[in-house]
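From a predicted model like this one, the values you see are computed outputs, not experimental measurements. Nothing fancy with the numbering, it's 1 onward along the sequence.
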Amino acid sequence: TATLASDNSGGSLAYKKNPASRIEYGTATATYSGTSMTSGTAKVISSCSVNDIIEVAEFNSDGDCISVAHVTLTAADIKA
């Protein structure tokens with residue numbers, strides 16, 4: 001479960017589990033088609049396993065990717 005602070009002024013966040021390719025800077029949110037993450041709420045990503053990769057992309061108010069993070073899950077990250 002990840003909780004996001006509401007400090008993303010006018011932008012948005014989205015994630016993909018085990019993406020086939022990594023997002024590139026400037027990619028449009030519509031092209032990315034990840035799962036939207038709402039500020040201030042927890043997200044549960046279903047059916048995760050150790051070594052799954054979660055990609056979280058940040059988009060500016062114009063809908064362009066401005067940053068990305070990748071997290072490789074460990075056993076400690078997964079809750080039953």
Side-chain angles (χ1 to χ4, degrees):
T1 303
T3 302
L4 302 172
S6 54
D7 60 355
N8 186 8
S9 12
S12 62
L13 297 167
Y15 76 89
K16 283 186 179 181
K17 184 174 87 171
N18 296 322
S21 60
R22 295 187 174 207
I23 189 171
E24 294 182 17
Y25 182 83
T27 298
T29 187
T31 302
Y32 183 61
S33 65
T35 301
S36 179
M37 298 179 81
T38 306
S39 304
T41 60
K43 282 291 179 190
V44 175
I45 303 171
S46 303
S47 304
C48 290
S49 301
V50 171
N51 293 324
D52 277 349
I53 296 171
I54 307 301
E55 175 180 79
V56 179
E58 179 182 12
F59 298 91
N60 64 17
S61 58
D62 292 330
D64 300 323
C65 179
I66 56 172
S67 67
V68 64
H70 294 90
V71 178
T72 302
L73 300 179
T74 66
D77 297 320
I78 300 173
K79 297 181 181 182

Test side-chain contact (heavy atoms from CB on, under 4.5 Å) on S47 and K17; report intermediate values, then the result. CA-CA 10 Å; S47 304; K17 184 174 87 171; 4.0 Å; yes
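- Every side chain to side chain contact (heavy atoms under 4.5 Å, CB included) that S67 has, sequence neighbours left out, goes to E58.
- Between Y32 and the options E24, K16, E55, a side chain to side chain donor-acceptor pair (under 3.5 Å) holds for only E55.
- Contact between A14 and G34 at its shortest, heavy atoms only, is CB-C, 4.2 Å.
- Scored by the side chain to side chain contact (heavy atoms under 4.5 Å, CB included) test, S49 finds D52 as partners (sequence neighbours excluded).
- Counting only heavy atoms from C-beta outward, the side chains of I23 and F59 approach each other to under 4.5 Å.
- Side-chain contact check for L73 versus I54: some heavy-atom pair is nearer than 4.5 Å.
- Residue I53 holds its CD1 atom at 4.5 Å from OG1 of T72, rounded to the nearest 0.5 Å.
- Contact check for V50 versus I78: side-chain heavy atoms found under the 4.5 Å cut-off.
- Partners of T74 by side chain to side chain contact (heavy atoms under 4.5 Å, CB included), not counting sequence neighbours, listed by chain and number: A76, D77.
- Side-chain atoms of D62 do not come within 3.5 Å of backbone N or O of D64 as any donor-acceptor pair.
- Remark: L13 CG to T35 OG1 distance equals 12.5 Å, nearest 0.5 Å.
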